[in-house]
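Here is how names work: the chains are called A, B, and so on, in the same order as the sequence lines, proteins then strands, and each is numbered from 1. This structure is a prediction, so every number in the text was calculated from the model and none was measured.
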There are 2 protein chains.
Amino acid sequence: MSDIHQILKSYHLRCTASRSDILELFAQKDMALSEPEIEEEMYGRCDRVTIYRTLATFLDKGILHKVLDDAGAAKYALCADNCQQSTYHSHNHVHFKCYRCEKTTCIEEVSIPAINLPQGYLLEEMNMLLQGVCGACNLPRKR
Amino acid sequence: MSDIHQILKSYHLRCTASRSDILELFAQKDMALSEPEIEEEMYGRCDRVTIYRTLATFLDKGILHKVLDDAGAAKYALCADNCQQSTYHSHNHVHFKCYRCEKTTCIEEVSIPAINLPQGYLLEEMNMLLQGVCGACNLPRKR
DNA sequence: CTGTGTGCAAACACTTTGCAGGTGT
DNA sequence: ACACCTGCAAAGTGTTTGCACACAG
């Protein structure tokens with residue numbers, strides 16, 4: 001069977017058309033996606049509600065993680081393989097949102113630096129969103 | 001006149017009841033607030049739409065800044081005096097959201113560490129959200 | 001066959017827009 | 001007096017829930 005099928009199986013999820021389509025979309029696009037964006041890409045192949053429920057399922061299983069965004073809709077991205085490695089599921093990489101191409105991507109190479117919180121604080125999750133112009137959009141123009 | 005009045009005047013804004021109420025609320029609460037939260041605190045003293053428009057105005061003038069959040073509604077917080085100091089308006093402090101008291105606060109003492117992005121990236125804005133248990137909620141219980 | 005996933009309808013929550021009337025300066 | 005602010009109504013978007021049917025295992 002396909003990779004996708006295997007992945008779903010490994011998370012003890014039934015392999016349905018919607019689930020493989022959505023998972024494949026994330027793998028292809030390699031960027032953070034919101035439900036409306038997914039819906040557009042699916043072009044009626046599955047219902048909006050199914051997308052929301054699938055996102056919730058994937059989030060729950062640790063296939064996806066939420067990505068912070070300052071716009072209207074919640075975004076999600078594939079977890080890297082090493083997400084599960086530490087004691088608890090963590091995503092200490094940085095997300096970058098480009099003002100030009102509008103894409104939000106995970107910068108796996110950059111990890112979030114350590115932070116010294118004031119005494120008494122208990123840190124459980126860290127998220128960092130950088131915004132600006134990405135490498136691809138910032139290329140010098142040829143003449 | 002009151003402080004609030006002075007502040008509004010300094011931003012070239014008319015001093016209206018809604019504006020001073022909302023600005024005062026932010027000053028009192030000293031935490032990030034969403035429109036629904038503000039609406040509740042205002043208890044009918046002004047319309048929901050006015051709150052949204054006031055938030056937009058304050059954001060535009062640099063009185064408030066957006067605070068990232070993984071929940072439903074957008075949150076806003078007062079800009080510190082030093083926001084305006086650098087060449088362009090920046091908020092390189094960390095935000096902390098407590099799982100217990102649900103408050104999101106600005107940790108002014110901690111600034112976001114420098115990040116080395118891959119070549120070609122142009123950084124314009126940085127946001128960092130930490131989540132866990134805040135100092136106040138994490139106090140050891142007395143017996 | 002059975003439990004889980006899906007689609008549809010509807011409700012809910014957050015946010016924006018248009019317009020008429022009110023208010024700060 | 002005039003520009004700007006506010007309230008109301010309505011519509012636009014994002015998200016959740018209930019229920020009947022469909023389908024994977």
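- Between the P atom of C/dG5 and the CZ atom of A/F58 lies a distance of 11 Å, rounded to the nearest Å.
- For A/Y52, counting side-chain heavy atoms from C-beta on, the closest listed nucleotide (D/dG14, C/dT6, C/dT15) is D/dG14.
- In this model, no side-chain donor or acceptor of B/R19 finds a partner on the base of C/dG24 within 3.5 Å.
- In this structure, CZ of A/R14 is placed 10 Å from P of C/dG3, rounded to the nearest angstrom.
- Of the candidates D/dT15, C/dT6, D/dG7, the closest approach to any side-chain atom of A/T50 belongs to C/dT6.
- B/Y121 and A/F96 have perpendicular rings, their planes meeting at more than 60° on a 0 to 90° scale where under 30° would count as parallel.
- Distance from the side chain of A/A73 is smallest to D/dG14 among C/dG7, D/dG14, D/dG7.
- Rounded to an integer number of Å, the gap from CD of A/E39 to P of D/dG14 is 9 Å.
- With rounding to whole Å, A/D70 atom CG is found 13 Å from C/dT15 atom P.
- Place B/L13 and A/V49 on DNA chain C by their nearest nucleotides, and A/V49 ends up nearer the 5' end.
- Protein atom CG of B/D21 is 13 Å distant from nucleotide atom P of C/dG24, rounded to whole Å.
- In this structure, the side chains of A/E102 and A/E37 stay at 4.5 Å or more apart for every pair of heavy atoms.
- Across the helix from C/dC1-D/dG25 to C/dT25-D/dA1, the helix axis at one end is tilted relative to the axis at the other end by 40° (nearest 10 degrees, each axis from five pairs).
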